[in-house]
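Accompanying notes for the structure given below.
Fair warning: this is a prediction, and the values are worked out from it, not measured in the lab. Within every chain, numbering begins at 1; the chains are lettered A, B, ... in the order of the sequence lines, protein sequences first and strands thereafter.
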Amino acid sequence: MDSKYVLIVAVIIFISAYLMLTPGNQYERLQIAGSTSVQPVIEKLAEKYQETHPNVRINVQGGGSGLGIRTVEQGIVNMGMSSKALSKDEKNGLTEYIVGRDGIIIIVNNNNPITNLTSEQIRSLFSGEIENWNQINGSDMGVHVVVRESGSGTLQSFQDIIMIHTKIRKDAIVQSSTESVKQAIKQDPGAIGFISLANMDNTVKAIIVNGISPSAQNIANGSYLLQRPFEILMKGPPTGISKDFLDYVMGSEGQAIIQKQKIIPANQLKQ
Amino acid sequence: MKDIGEFLIEKGLLITAFLSIIIILLIIIFIFSEGLPFMESYGFLKFIFGSIWDPSSGDYGVLPMIVGSLGITSLALVFAIPLSLLCAIYMAEIAPKTMRKILKPVIETLAGIPSVVYGFFGLIVLVPIMRIHFGGTGFSMFTASIILTVMILPTIISVSEDALRFIPHEYKEASLALGATHWQTIKNVIFPAAIPGIITAIILGMGRAIGETLAVIMVAGNVAQFPTTISDPVRALTSNIAIEMGYATGIHYSALFGTAIVLFIIIIILLVVANYFHYKKKITIGGGYL
């Protein structure tokens, strides 16, 4: 009995000694924070990057584009992530590196006969001005608007690009993830919502906006209206590990990973 | 030597008991220190009785969410109480042993299903049914309360069944000896005597209903406005915190802690009221076994 306890205690001491003595500061650290839309892509890139650079630890946090801009400006993090282009006030000595572009797709139920909408029609649908699909030559069904929670990057971009100063109707159903938005639209013939291109599949129907279909090609050449840049923000010129990671993201390997996440990588964009 | 052992065990138990009090206190202090300064600067009444929640334009009124939470919970209780009490009476008094042996584990399994599973079931199965039969989007206070009903059934059933079973056997025998039928005995003797325990069961069920977050988020629609009918979408206080916490910064973040304070106060009020009835009934009945 006693020897068993001694053994357990010895193992515990050994493990804790190992954990304490292994220095954590031999790593080079890179702190990244910002947009929750960009976060999964950068996490994937960071993961792959660390496989080939075992001495680097990259910490990727969410918090939203606003937080990314603020913290990188204050020097709290090395890099910020933003899913929108910076305004003049926000720029303030920051450099933007566009790593790719994401498309926002307006989706409806597969049984909805509507295929085309103009951005004004979308705005009226989401503001509540159009309450029945037959007002825009659709079938006689009530319009059910599904949106994301306030704070979501996708909602923010949709608001900026489509709604501008108009408010989304107050009784719009709020779903807290892209998947549940898709689920809500899939089962309700009168529903309309928006999701990111990366989550698009054939369970819902993508709407052609202003005559331009939301294909990767149309996002890359800039003709599709609902798109947003995925950016890395840095204060001053990149140095050391930041520069190395940025070069990796912009290089062919990083861009291939970005494309795999269904984001249009920067090297395919027509500037 | 033995005394020291006893002493250590006694103090050890005392420490664990204190630990839970300390943890509760820490949580309360944390929530209040994060939320109270905001409530003071925004205005306590404006926050509680404000009817618009729109963080992007600086409106933080939680009244629609208070109505939402209380609405979902009370509706769920309206469905769950008769169902679960009848089930508990059946299990405690009428069911044969074999039947009880089947029912008990089934109900316990119901309690063990994670809430995300209930939520997913609601989203995939209930929401479309509600949309087809009641109109609207299917995301509603009614849908949420049905899911909650199923979730709180096992709690209320098992606690009130225990309460019914712990009624002294003499009560039942005396009643039957007076010539009362089995149902008269249940209705007039056993059930009233078990009321304190049944109230405890309902409190526990209510606690689970008002605190449930994930399943409610998935089926309630989360619209921060007053419902006019039960098929309108609503947002619960818990959902409000869970949905927006991921992004909130600054004043919005504090407002969510303010929401937590409101939720906390509501739960305390409900507990006090429920406990009051629990003890009041206990004294008048005199069957104070629970």
Quiz item: For atom CZ of B:Phe79, is the number of surrounding heavy atoms from other residues, nucleotides or ligands below 6.0 Å larger than 12?
Solution: yes
Quiz item: Rounded to the nearest 0.5 Å, how far apart are CD of A:Glu149 and OG of B:Ser239?
Solution: 12.0 Å
Quiz item: Under 6.0 Å from the CG atom of B:Leu19, do we count more than 12 heavy atoms belonging to anything else shown?
Solution: yes
Quiz item: Sub-3.5 Å donor-acceptor pair from the side chain of A:Gln187 to the main-chain atoms of B:Leu123, do we have one?
Solution: yes
Quiz item: Of all the residues in residues 168-176 of chain A, which have a heavy atom that comes within less than 4.5 Å of a heavy atom in chain B?
Solution: A:Lys170, A:Asp171, A:Ala172, A:Ile173, A:Val174, A:Gln175, A:Ser176
Quiz item: For B:Phe44, does the CZ atom sit with more than 12 other heavy atoms under 6.0 Å from it, leaving out its own atoms?
Solution: no
Exercise. Look up atom CD1 in B:Ile217 and atom OG in A:Ser180, then write down how far apart they are to the nearest 0.5 Å.
Key: 9.0 Å
Quiz item: Using non-hydrogen atoms only, which part of A:Lys186 is less than 4.5 Å away from chain B: side chain, backbone, both, or neither?
Solution: neither
Exercise. Quick one: pull up OG in B:Ser57 and NZ in A:Lys167 and give me the separation to the nearest 0.5 Å.
Key: 3.0 Å
Quiz prompt | Max heavy-atom pair count under 4.5 Å with chain A, selected residue of B:Ile52, B:Ile124, B:Val127, B:Val223 | solution = B:Val223
Quiz prompt | A:Ser152 versus chain B, the contacting section by heavy-atom distance below 4.5 Å | solution = both
Practice problem: State whether the number of non-hydrogen atoms from other residues, nucleotides or ligands found under 6.0 Å of B:Phe121 atom CZ is greater than 12. | Solution: no
Practice problem: Could you tell me which portion of A:Ser150 (side chain, backbone, both or neither) has an atom closer than 4.5 angstrom to a non-hydrogen atom of chain B? | Solution: both
Exercise. Specify the closest pair of heavy atoms between A:Pro189 and B:Arg131, including all atoms of both residues, with the distance to one decimal.
Key: CD-NH1, 3.1 Å
Practice problem: With a 4.5 angstrom heavy-atom cut-off, could you sort out which part of B:Ile132 is near chain A: side chain, backbone, both or neither? | Solution: neither
Practice problem: With a 4.5 angstrom heavy-atom cut-off, could you sort out which part of B:Asp232 is near chain A: side chain, backbone, both or neither? | Solution: neither
Quiz prompt | Per-residue contact mode, A:Ala184 against chain B (heavy atom under 4.5 angstrom) | solution = both
Quiz item: Quick one: side-chain contact (heavy atoms from CB on, under 4.5 Å) partners of B:Thr155, sequence neighbours excluded?
Solution: B:Leu204, B:Arg208
